[in-house]
Amino acid sequence: MSTLHHMSVSSPLAPPAAPGWCPPDDAWLNRFARLHQDAHARLNVPLGTPQEGDPLPSPRWVATCEALARDMGWPAHWANDTALQVLSGNATWPGMAPLSTVYSGHQFGQWAGQLGDGRALLLGEIDSPIGPQELQLKGAGATPYSRRGDGRAVLRSSIREFLCSEAMHGLGIPTTRALALTASPEPVRRETMETAAVVTRVAPSFIRFGHFEHFAHSGQPRHHEALAALLDFVLTHHFPHLLGHDQPALALLDEVVTRTADLMAQWQSVGFCHGVMNTDNMSILGLTIDYGPFGFLDAFDPGHICNHSDTQGRYSWNNQPQMGYWNLRALAQALAPLVPGADEDVQPLVDVLQRYEARFPQAMTGRWRAKLGLRAEQPGDGELAVDWLRLMDAGKVDFTIAFRRLCGFASQALPSDPANAPVRDLFLDRAAFDAWAERYRQRLIAEASVDAERAERMRDVNPVYVLRNHLAEGAIRQAQRGDFSEVQRLHRLLQTPFVEQAGCEADADFPPAWAQSIEVSCSS
Ligand code: AMP
Ligand code: MG
């Protein structure tokens, strides 16, 4: 097995920043802020509230993501003292147009009314070599949408969001990114007293299903016009290939159906559980967004509920694809006012929505097939994959480790051969493993699979490292004592989750017994 030290990330080294560097002010595009200004002036319908962060005392860098900064064309050593203040909500760079945005949504299946950026602050949108990117702070203080919240985020949950954003990116899963994490001694009350932190999130857009729901819900003509403007904005800037479509709202829904189905298949394939799939936490771009009580499966349990507050298991691992569909239905309802004739006949919307029922299983089977190392598509592949999952479920076998060990499966040997012991020994019921593995073996032989080549392909899609709760917890406990080195180490490790790294065996191992006692809730 190949063992590599930190694999270098491809971007070339940027030249160092001049003293006092900040992004050039003419690089800020701030198109969402302009959309807001226009809708506010023309329709008297705000899309948010311009405002600045609520200052946080004595911020410190916890970690930065240099790979992302390089991708955005920023120089090395960009993270200077001014940047620290800006990315803690205490100052602004020239050219920014900070604003908190308003959205609504369905939470746990119920219409929740107006929500909005209660603790997020869109700093602005900046042009970059990877396209225009919005920068958003999470935890920068109260906004008009904070309701009873304090507008803050605690260090614990901010470390989880910072690490998981980059871990998902490393896994190749669409996600908002995280550029920086800063911490302050400012006390924040949750179940206990904790301290404040700010994550700088980066994405081409933070528009959620809930933004559309917000303007669709009231039914007022001016809100209808704002909804139309939002659709036009999203198409123009994020789906330009759909412009000029004779049914733009249907075209957008179609695209979001596809992206969401594919995203759900990707989540399932790495055992990721989001935890709070409310419609306000669903990205119109099909990105993973709003990391809260998420979790990765340890021992495989399809009914696994990662969010301690989700008492009904609405967002359990095996429910996620269905919940993605449920959320798309809410989006379809929000887009209905923009579909001519939809008040009389919703069939065109339903037809687009129902494409999910074919798209998701197709995407999912494709993912399982790749994870099993199967090349050409065969009729029984879906069944073979499902039976592998059943086998893991029956034995409560570790999801990530089982897939990774299966990469080394020797199809030239019998399942019971010592060559297959690493994966076989994960299963107490050896006979059940042997029965499934013999089917797998025959399937591989039928496509003349070469073990070494197949193993290499499988290791590109079956990660060694995922952000298990206990790993995050270890980094959190150290950080709470003022030592951020474990956050930085995990951040580096999770950028290349498919490559085994020397000295990181424990990060790839089974979770320790104490991991079972970790409870992750909505409290963040
Ligand atoms: P979430 O479940 O974290 O996606 O949050 C749902 C809503 O509650 C969003 O509108 C958040 O902005 C808001 N929210 C969550 N936590 C806070 C907080 N500490 N202060 C203000 N608003 C919050
Ligand atoms: Mg949210």
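Note that ligands are numbered from 1 as they come in the structure, with each ligand's atoms numbered from 1 the same way. Only this structure's heavy atoms are used, side chains among them; waters, hydrogens and symmetry mates stay out. Count residues from 1 along the sequence. Given the structure is predicted, the values throughout are model-derived calculations rather than measurements.
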Ring centres under 6.0 angstrom apart (Phe233, His237) = yes

Quick one: does Tyr145 get an N or O within less than 3.5 Å of an N or O on ligand 1?
-> no

Arg189 and Asp150 ion-paired at < 4.0 Å | no

Could you tell me whether some N/O pair between Asp150 and ligand 1 is separated by less than 3.5 angstrom?
-> yes

What atoms in ligand 1 come closer than 4.0 Å to a heavy atom of Leu115?
-> 10 (O)

Please confirm whether Gly116 comes under 4.0 Å of ligand 1, counting heavy atoms of the residue only.
-> yes

Considering only the protein, which heavy-atom contact is closest to atom 13 (C) of ligand 1, and what is its distance?
-> Arg147 NH2, 3.7 Å

May I ask whether Gln107 has any heavy atom positioned less than 4.0 angstrom from an atom of ligand 1?
-> yes

Report, in ascending order of atom number, the atoms of ligand 1 lying under 4.0 Å from any heavy atom of Tyr103.
-> 9 (C), 10 (O)

Salt bridge Arg259-Asp254, side-chain N to carboxylate O under 4.0 Å | no

For ligand 1, which atoms, with element, lie under 4.0 Å from some heavy atom of Asp290?
-> 4 (O)

Please determine if Arg147 forms a cation-pi arrangement with Tyr145, meaning its NZ or CZ atom is less than 6.0 Å from the six-membered ring centre and no more than 45° off the ring axis.
-> no

Sequence neighbours left out, what pairs pass side-chain hydrogen bond (donor to acceptor under 3.5 Å, both in side chains) with at least one residue falling in residues 85-94?
-> Gln85-Asn90, Ser88-Thr182

Sequence neighbours excluded and cut-off under 3.5 Å, please list the side-chain donor-acceptor pairs for residues 294-306, or say none.
| unit_1 | atom_1 | unit_2 | atom_2 | d |
| --- | --- | --- | --- | --- |
| Asp298 | OD1 | Arg468 | NH1 | 2.8 |
| Asp301 | OD1 | Gly303 | N | 3.0 |

Hey, does Arg208 sit under 4.0 Å from ligand 1 if you only count heavy atoms?
-> no

Measure from atom 12 (O) of ligand 1 to every heavy atom in Gly149, Gly151, Gly118 and give the option owning the shortest one.
-> Gly118

Are any non-hydrogen protein atoms located under 4.0 Å from atom 5 (O) of ligand 1?
-> no

closest protein heavy atom to atom 14 (N) of ligand 1 is Arg119 NE, 4.2 Å

How would you list, by chain and number, every residue that makes a ring-ring contact (aromatic ring centres under 6.0 Å, His included) with Trp111, sequence neighbours excluded?
-> His106, His217

Enumerated ligand 1 atoms positioned under 4.0 Å from heavy atoms of Arg190 = 19 (N)

Is Asp117 paired with Lys138 through a side-chain N to carboxylate O contact shorter than 4.0 Å?
-> no

Which protein atoms of type N, O or S are found under 2.8 Å from the Mg ion (ligand 2)?
-> Asn281 OD1, Asp290 OD2

Report, in ascending order of atom number, the atoms of ligand 1 lying under 4.0 Å from any heavy atom of Arg152.
-> 19 (N)

Relative to Trp28, does Arg34 satisfy both conditions: NZ or CZ under 6.0 angstrom from the six-membered ring centre, and within 45 degrees of the ring's axis?
-> no

Just jot down the ligand 1 atoms closer than 4.0 angstrom to any heavy atom of Asn281, in number order.
-> 4 (O)

Within 45° cone and under 6.0 Å: Arg70 NZ/CZ vs Trp78 ring | no

In this structure, which one of Leu137, Leu123, Asp290 forms a side chain to side chain contact (heavy atoms under 4.5 Å, CB included) with Arg201?
-> Asp290

State plainly whether the residues Arg489 and Glu486 are in salt-bridge range, i.e. N to O under 4.0 Å.
-> yes

Going by atom types only, do Tyr291 and Thr175 share a side-chain donor-acceptor pair under 3.5 Å?
-> yes

